[in-house]
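Reckoned from all heavy atoms, side chains included, excluding hydrogens, waters and symmetry mates. Residue numbers start from 1 in every chain, and the chains themselves are labelled A, B, ... in the order their sequence lines are given, proteins ahead of strands.
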Protein chains: 4
Amino acid sequence: MSNYRIKGLVAAVFTPFDDNQYVNYGIIDKYAEKLSSINVKNVFVNGSTGEGLSLSVEERNKLSEHWMNVKEKNNLENVIIHVGAESVKDACRLARFCNEKHVDAISAMAPTYFKPETIDDLIDYCSRVASEAPNIPFYYYHIPMRTNIQLCMKEFLWTAAKRIPNLRGLKYSHWNLSEINLCRMIDNGKYNILYGMDEQLLGAMVFGIDAAIGSTYNYIGNVYTELISSFEDGNLKKALEIQTFAQEFLEIIFENGRGITSLKTFTSFFLDINLGPVRCPLKSVDRNSIIDNSLPKIKSLMEKYNNKYKLKTGDA
Amino acid sequence: MSNYRIKGLVAAVFTPFDDNQYVNYGIIDKYAEKLSSINVKNVFVNGSTGEGLSLSVEERNKLSEHWMNVKEKNNLENVIIHVGAESVKDACRLARFCNEKHVDAISAMAPTYFKPETIDDLIDYCSRVASEAPNIPFYYYHIPMRTNIQLCMKEFLWTAAKRIPNLRGLKYSHWNLSEINLCRMIDNGKYNILYGMDEQLLGAMVFGIDAAIGSTYNYIGNVYTELISSFEDGNLKKALEIQTFAQEFLEIIFENGRGITSLKTFTSFFLDINLGPVRCPLKSVDRNSIIDNSLPKIKSLMEKYNNKYKLKTGDA
Amino acid sequence: MSNYRIKGLVAAVFTPFDDNQYVNYGIIDKYAEKLSSINVKNVFVNGSTGEGLSLSVEERNKLSEHWMNVKEKNNLENVIIHVGAESVKDACRLARFCNEKHVDAISAMAPTYFKPETIDDLIDYCSRVASEAPNIPFYYYHIPMRTNIQLCMKEFLWTAAKRIPNLRGLKYSHWNLSEINLCRMIDNGKYNILYGMDEQLLGAMVFGIDAAIGSTYNYIGNVYTELISSFEDGNLKKALEIQTFAQEFLEIIFENGRGITSLKTFTSFFLDINLGPVRCPLKSVDRNSIIDNSLPKIKSLMEKYNNKYKLKTGDA
Amino acid sequence: MSNYRIKGLVAAVFTPFDDNQYVNYGIIDKYAEKLSSINVKNVFVNGSTGEGLSLSVEERNKLSEHWMNVKEKNNLENVIIHVGAESVKDACRLARFCNEKHVDAISAMAPTYFKPETIDDLIDYCSRVASEAPNIPFYYYHIPMRTNIQLCMKEFLWTAAKRIPNLRGLKYSHWNLSEINLCRMIDNGKYNILYGMDEQLLGAMVFGIDAAIGSTYNYIGNVYTELISSFEDGNLKKALEIQTFAQEFLEIIFENGRGITSLKTFTSFFLDINLGPVRCPLKSVDRNSIIDNSLPKIKSLMEKYNNKYKLKTGDA
């Protein structure tokens, strides 16, 4: 397992809902197919983008199962399941289910109402969860802007190494590239860092990161694939141009609110499937009004970039 | 139901665990009996003190059931169940169970990972939860220091009145007595405010509050009962003296860490029952060392107050 | 000096500006006279309400001097000067000036850009400042909601006692009444706590506090004087009624923005003097529009309270 | 002036103090000479590193003058002065002095006690300050981790363009590289972004940034010069290696506390001059103990990097 390593893009998938905010499991096969069509072969299920913490354990397990069921057919390479929960009991149950279903990897954020106060407390929590799926790679999910858990990730990896045998790395959602570089340096790159800030992926790549999890890969995965190959070909100028395009694209979407609701609405539009609304306490928006508001700007942005970075869009 | 009103002290009960952090349901009958013996007739189950968010839905429901089962035998008057959860699905399921079991009241805090951003979002969440137990009084649980949800409670009550028919008030855990007074004034005291800062209860009483939920009532409920009766008798001087005693008492306990772990350890000691450790991610402490550290100070404090405020203690 | 003790209300005075945001020193005599007319005999100069940190050292000293000059004529009893500053050098210079001018007391908040991280660091700063005015009572100004300096005030007083001979107490601007009570208990009430949350003054009084500094005393000092005397006469019911009136009054004012700008505009109106705009970076507002907006509500509020609590108002 | 553009490294210089925390102006000539010897030709005076807010206006002006006086002799190219202050009055006075002394550029952070709440308020403040030195390039200093002012910098630049004629760009101290890239894109790179997170400079360079202000350039400016030239030569591998070295170096220094105190102590050591202690409220440390603690680790780090990146050190 210490050889397990995710490379490239991982779509942090949305959870499809129907109009009453019930999970719409039936659409997952088609969703996987659409992702595949824009070159995204890995999915991160039940994370922040998927409103994982707004789901029940049963729903989360059923979603994991559905994604595993469509994996082979749609040529997905890795199905990674987020199993973090406020209750370590729930997190363990989610991890056990993943173990039974042989998912490719699991990840957990820490509880946020009762926060682990020290590295040691965090490791205690993670080791309980990870040990329920002892043969599945485990990634700690660091997202301090949401959890306000500010512990040092380098120290975490150093200290956790002995206590969590299946620890494989981090899902790291913060801007600080120095910290990821110091994490990457441990034991000659032993750990696999999955970078979580799409808008800054190029920066992370310069610091040796070669994997990313994000919500924008749901709809411009193909664009980011080109960014990665440009970078790998040594064409830093082109890579920056693409990253800038992706940033400006996101800015337009975020004019409708900086969050999951906007991203989900546009993903539905661009993939031409109906992922539905978000679930309470997030607030849904009127889909048509925000599409109508942003589409002219998006078209103009695409023209500016000479249509070089083809998006798979419904009608755009 | 609009006549339902909790008065007096409500113990925010701890969740008993065994050494492996499994819930120890067997001890609840005895726990209720002990509380009764120090004059506490109401309990708030699965809240912050009870580490509610660290429990699974099944555990929470089983705990609710156990408390309801021992209610009559121990002359408990109100069993209030906290049903808040990150997932509105879980919160609704908890509320439905409470409805079936005819608990006396329910309360819910808002999700904290995905926070309601407006009063309207908060009401949307609360109304979904409350409507699952339409004949049971509902209290919104406001605890901004932990949730970082800073919405105005006066505005919440005003606006929610029409949309949550069983809304009965607030569990209010913050220092701001002006806000509770403005809430109390709505419709001539229509709402029942349950105050959550034990150290400042006297202040809240001056502002017309006559009910309180707290963790310290687990072990000095009798002392606070005397505080309340002193206040009601117009003896403000004595009431302040007792409140000061309770504050100094808490300061001694908090020298061992300002949180649930210390409070639970001392409650076990004073009630002479074994409530066990806390659950991960909270960190348990060595019971004996902190008792040994604090007991001399507590004894000296009690002497200073002339043993006027009798504690029910094991060996103190 | 250890007998020095402020009692009753202290108006946190505004700094009068002309339309170009220059200090309007000429109006201070009249301002003092107006305060005197509503029973306010003490002033706190250059604090938060006075936008002290937005003034230069020279302006602050000139303001101190002007207030000292009008003191006797207007029967002011205490002129307290805030001397806190980001630079300890500035704070010391301000304190030296106060020493020369024989002001009644000085107070300093801690620097907020570089924050003292420990009690010890805070005492180091305070002792440097206080020692520049060794014969003038010194009050540390605790306002954690603005400074985000969360140090324990009880521990501060205990530890500072030996190192700051002229330490007389605290200006305490937070809701936590337990902390002020524990501070009050030190050495049988040795320290003089000046309470800073006007809306909750009654709560503080129940905990033994008999002095208050606030911005609302600028315009309803007479109302609060009646609150205090009602409380001292043992008429808790009336005291609460007045406190509630003052809270509702403030709510109306804060509908125009929760801050100094609104308070200053209404003070100008009620005292019938022109205190002018606020200084950048605070944003001034159109005086007439907010007065017009709130006056009907204020009149209706006053009718509700049967005109019992007479305000000194211009035209209201 | 719109052609003015800083390129390369700017040392955020420390303010030298004697043992009594008085400014030690006499050492500045030597300090400039030392910086020059490690290839640093630009200085940023009175910023965070220089404890600018802990100095009086007089001290700040005297420091500005001293740096201007030694500029030519030591071949400094740009002397940039930080003029931000809590009081706009002070900031304007500092700016006027800079104007008289013909410094190369000025920069100002916003007040932090009273924070500008909107872009408009921020521009109001900046335009007042910048207009006092109308012929000197002005940079807004964005450092949200310290000021907690979170306004959008892209929007600031867009909106301020018309109101601050001498606006030249930003000193940007945050990790977010997407925001700096979006700022850089405005009007084809019209603005000059001075990057403030030394540990992540390589990341910023990938996003088109070619200037940096930081405290670590005080002692490893030569190392960073090599980083920049490696990057410009297209040797990304070597650039990353050097950036990693600089990060690991900083980690060792920060084992003694993550702040100015540690950085200043090591700068004194590496430049072999005595910059003295820090000023209250920062806490000074015992110089020898922290040097002794870290030197073996630093030597071992340097060996690991084959002494490729020569430091100018006293005895190391």
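- Leu122(A) does not touch chain B: none of its heavy atoms, backbone or side chain, sits under 4.5 Å away.
- A cation-pi contact links Lys171(A) to Phe44(A), judged by a cut-off of 6.0 Å to the six-membered ring centre and 45° from its axis.
- Note: Lys89(A) leads Lys89(A), Glu58(A), Arg128(A) in heavy-atom pairs under 4.5 Å with chain B.
- For Leu53(A), the parts sitting under 4.5 Å from any heavy atom of chain B are the backbone and the side chain alike.
- For the residue pair Ser294(A) / Asn256(A), a side-chain donor-acceptor distance below 3.5 Å is found, with atom types taken as modelled.
- Looking at Glu65(B) and Tyr25(B), their side chains never bring a donor and an acceptor atom within 3.5 Å of each other.
- With a 4.5 angstrom heavy-atom cutoff, Glu51(A) touches chain B via backbone and side-chain atoms both.
- Residues Thr118(A) and Asp121(A) have side chains that bring a donor and an acceptor to within less than 3.5 angstrom of each other.
- There is a side-chain donor-acceptor pair under 3.5 Å between Tyr113(B) and Ser48(A).
- Pro111(A) touches chain B through its side chain: at least one heavy atom from C-beta onward sits under 4.5 Å away, while N, CA, C and O do not.
- Only the side chain of Ile143(A) comes within less than 4.5 Å of a heavy atom of chain B; its backbone N, CA, C and O stay farther away.
- With respect to chain B, the highest number of heavy-atom pairs below 4.5 Å among Ala91(A), Ser56(A), Gly259(A) belongs to Ser56(A).
- Note: Tyr31(A) and Trp67(A) have perpendicular aromatic rings, judged against thresholds of 30 and 60 degrees for the angle between ring planes.
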